[in-house]
Colleague: 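My structure is below; once you've seen it, I'll send some questions.
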Amino acid sequence: MIRFGLCCIFKAQPIKFRTTTAAYLSKRSGREQRDRLSELCLINAENLLKALEFCHRNKIGGFRINSQILPLKTHPDLGYDIRDLPGSDQIIAAFKTCGEYSLKHNIRTTFHPDQFIVLSSPYPDVVQRSIADLQYQAEVAQWVNADVLNIHAGGVYGDKPSAIKRFVHNVETLPDPVRKRLTLENDDRSYSPRDLLPVCADLKIPLVYDVHHHRCLSDDLSIEEATERCLKTWNREPLFHISSPKDGWQASNIRKHHDYIHINDIPRDWLSMDITVEVEAKAKELAIKKLMTDLKTD
């Protein structure tokens with residue numbers, strides 16, 4: 001049975017994840033910085049539990065966790081080890097409570113690190129920062145029982161085969177907590193499913209099929225063929241993405257996401273599958289509610 005996943009934040013619910021800026025923190029003493037970060041991390045853990053409780057009440061089967069759930073965790077100047085913050089045991093315990101709740105109520109949690117995570121980069125410092133961020137999110141993923149760290153392949157840099165080769169090499173160096181959760185997603189500008197399926201087979205990592213991206217950047221695979229090929233890369237419940245173009249499929253720019261999902265944009269064969277489909281729509285929980293209602297009346 002298909003289950004829908006909510007991505008990171010809410011549109012109408014008063015559940016908010018907190019962050020801060022490096023500019024703000026840099027004006028504070030070291031103790032004040034740690035106190036503030038500790039406060040924000042605990043608030044975010046508590047609000048993550050509220051988010052999971054909302055999902056359970058509303059039959060939403062998945063939740064993508066914000067990449068900044070621990071604010072500025074890997075910042076070059078202000079980054080920190082969670083155990084160096086005051087009350088770190090309480091923070092970790094609060095996240096582990098989220099993991100226990102998600103397991104009890106069968107709510108799948110995932111991460112989708114920010115676009116600056118680029119393992120295909122020719123610049124070693126970019127790769128180093130990317131790996132540090134993946135390690136941080138894998139640590140939180142262990143606490144909350146998340147099984148996906150989903151990334152894009154990155155740029156082409158004028159030479160796609162070389163970029164893919166770098167990507168493969170860097171994935172092979174990742175520590176196990178990252179590697180066993182890592183997934184790869186086709187994008188709307190550089191890498192189609194056809195480009196990435198051999199990479200996923202090579203590395204034995206799943207491919208998160210984004211059908212909107214595939215419609216933007218097509219290849220010789222039909223949606224049905226890409227769906228079937230991507231399903232075979234998974235050794236656990238497959239994860240796919242759905243979104244609709246903001247101004248329709250005839251617009252000059254079809255990449256921008258709509259507030260809601262047009263029911264015709266969901267491949268019909270998905271509806272009978274045991275998969276998670278994260279809904280990438282700007283109306284967030286309102287979009288999922290409308291989509292679930294539309295599917296019942298279709």
Colleague: Using salt bridge (Lys or Arg N to Asp or Glu O under 4.0 Å), reason through R108 and D147 one step at a time and then give a plain yes or no.
Modeller: CA-CA 8 Å; R108 188 181 195 181; D147 71 322; 2.9 Å; yes
Colleague: Can you find a pair of side-chain heavy atoms, one from L197 and one from L207, that are under 4.5 Å apart?
Modeller: yes
Colleague: Got a sec: does the CZ of R31 have more than 12 other heavy atoms crowding it under 6.0 Å?
Modeller: no
Colleague: Using the six-membered ring of F10, assess whether NZ or CZ of K16 lies under 6.0 Å from its centre and within 45 degrees of the ring axis.
Modeller: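 Output no; distance or angle outside limits.
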Colleague: Enter the distance from D114:CG to I151:CD1 here, rounded to the nearest 0.5 Å.
Modeller: 12.5 Å
Colleague: Would you please indicate if the ring centroids of H257 and H212 are separated by under 6.0 Å?
Modeller: yes
Colleague: With a 4.0 Å cut-off, would you call E39 and R36 a salt bridge?
Modeller: yes
Colleague: Are any non-hydrogen side-chain atoms of S192 and N186 less than 4.5 angstrom apart?
Modeller: no
Colleague: So does R83 pair up with E139, basic N to acidic O under 4.0 Å?
Modeller: yes
Colleague: With a 4.0 Å cut-off on N to O distance, would you call R34 and D84 a salt bridge?
Modeller: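 A salt bridge is absent here (no side-chain N lies under 4.0 Å from a carboxylate O).
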Colleague: Taking only residues two or more places apart in sequence or in another chain, which ones pass salt bridge (charged side-chain N to carboxylate O under 4.0 Å, His left out) with R3?
Modeller: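 If we apply the salt bridge (charged side-chain N to carboxylate O under 4.0 Å, His left out) test to R3, skipping adjacent residues, the hits are E237.
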Colleague: Output, in order, the C-alpha distance, side-chain angles, deciding distance and verdict of salt bridge (Lys or Arg N to Asp or Glu O under 4.0 Å) for R129 and D133.
Modeller: CA-CA 6 Å; R129 290 197 301 271; D133 217 65; over 6 Å; no
Colleague: Could you tabulate the donor-acceptor pairs under 3.5 Å formed by side-chain atoms of residues 89-99, not counting sequence neighbours?
Modeller:
unit_1: T97; atom_1: OG1; unit_2: A93; atom_2: O; d: 3.0

Colleague: Mind listing the closest non-hydrogen atom pair of H75 and L78 along with its distance?
Modeller: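 Distance-wise, the nearest heavy atoms are ND1-N, 3.1 Å.
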Colleague: Once you round to the nearest 0.5 Å, how far does CG of L196 lie from OG of S190?
Modeller: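 One finds 10.0 Å between CG of L196 and OG of S190.
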Colleague: Please test Y191 against H152 for ring-ring contact (aromatic ring centres under 6.0 Å, His included), starting from the C-alpha separation and ending with a verdict.
Modeller: CA-CA 8 Å; Y191 294 94; H152 292 286; 9.5 Å; no
Colleague: Looking at every heavy atom in both R236 and P206, which two are closest together, and how far apart are they?
Modeller: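 So the minimum-distance heavy-atom pair works out to NH1-CG, 3.9 Å.
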Colleague: Would you call the rings of F17 and F63 parallel, tilted or perpendicular if under 30° counts as parallel and over 60° as perpendicular?
Modeller: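 F17 vs F63 ring planes: tilted.
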Colleague: Which heavy atom of Q68 sits nearest to which heavy atom of N44, and what is that distance?
Modeller: O-ND2, 4.0 Å
Colleague: Would you indicate whether the side-chain heavy atoms of K160 and I164 approach each other to under 4.5 Å?
Modeller: yes
Colleague: Indicate the ring-plane relationship of F240 and W270, choosing parallel, tilted or perpendicular according to the 30° and 60° boundaries.
Modeller: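 If you compare the ring of F240 with that of W270, the planes turn out tilted.
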Colleague: Can you find a heavy atom in the side chain of Y260 that is under 4.5 Å from one in the side chain of L286?
Modeller: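 Answer yes - side chains close enough.
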Colleague: Let me know which of L48, L42, L49 forms a side chain to side chain contact (heavy atoms under 4.5 Å, CB included) with E46.
Modeller: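 Single side chain to side chain contact (heavy atoms under 4.5 Å, CB included) partner of E46 among L48, L42, L49: L42.
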Colleague: Please state whether the rings of H105 and H56 are parallel, tilted or perpendicular, taking 30° and 60° as the class boundaries.
Modeller: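 Tilted, since the angle between the ring planes falls between 30° and 60°.
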Colleague: Surrounding CD of E224 (heavy atoms of other residues, nucleotides or ligands, distance under 6.0 Å), is the total greater than 12?
Modeller: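 Above 12, so yes.
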Colleague: Output a table of donor-acceptor pairs, distance under 3.5 Å, between side-chain atoms of residues 246-255 and any protein atom two or more places apart or on a different chain; print 'none' if there are none.
Modeller:
unit_1: W249; atom_1: NE1; unit_2: D265; atom_2: OD1; d: 3.0
unit_1: N253; atom_1: OD1; unit_2: R255; atom_2: N; d: 2.9
unit_1: R255; atom_1: NE; unit_2: D188; atom_2: O; d: 3.2
unit_1: R255; atom_1: NH2; unit_2: D188; atom_2: O; d: 3.0

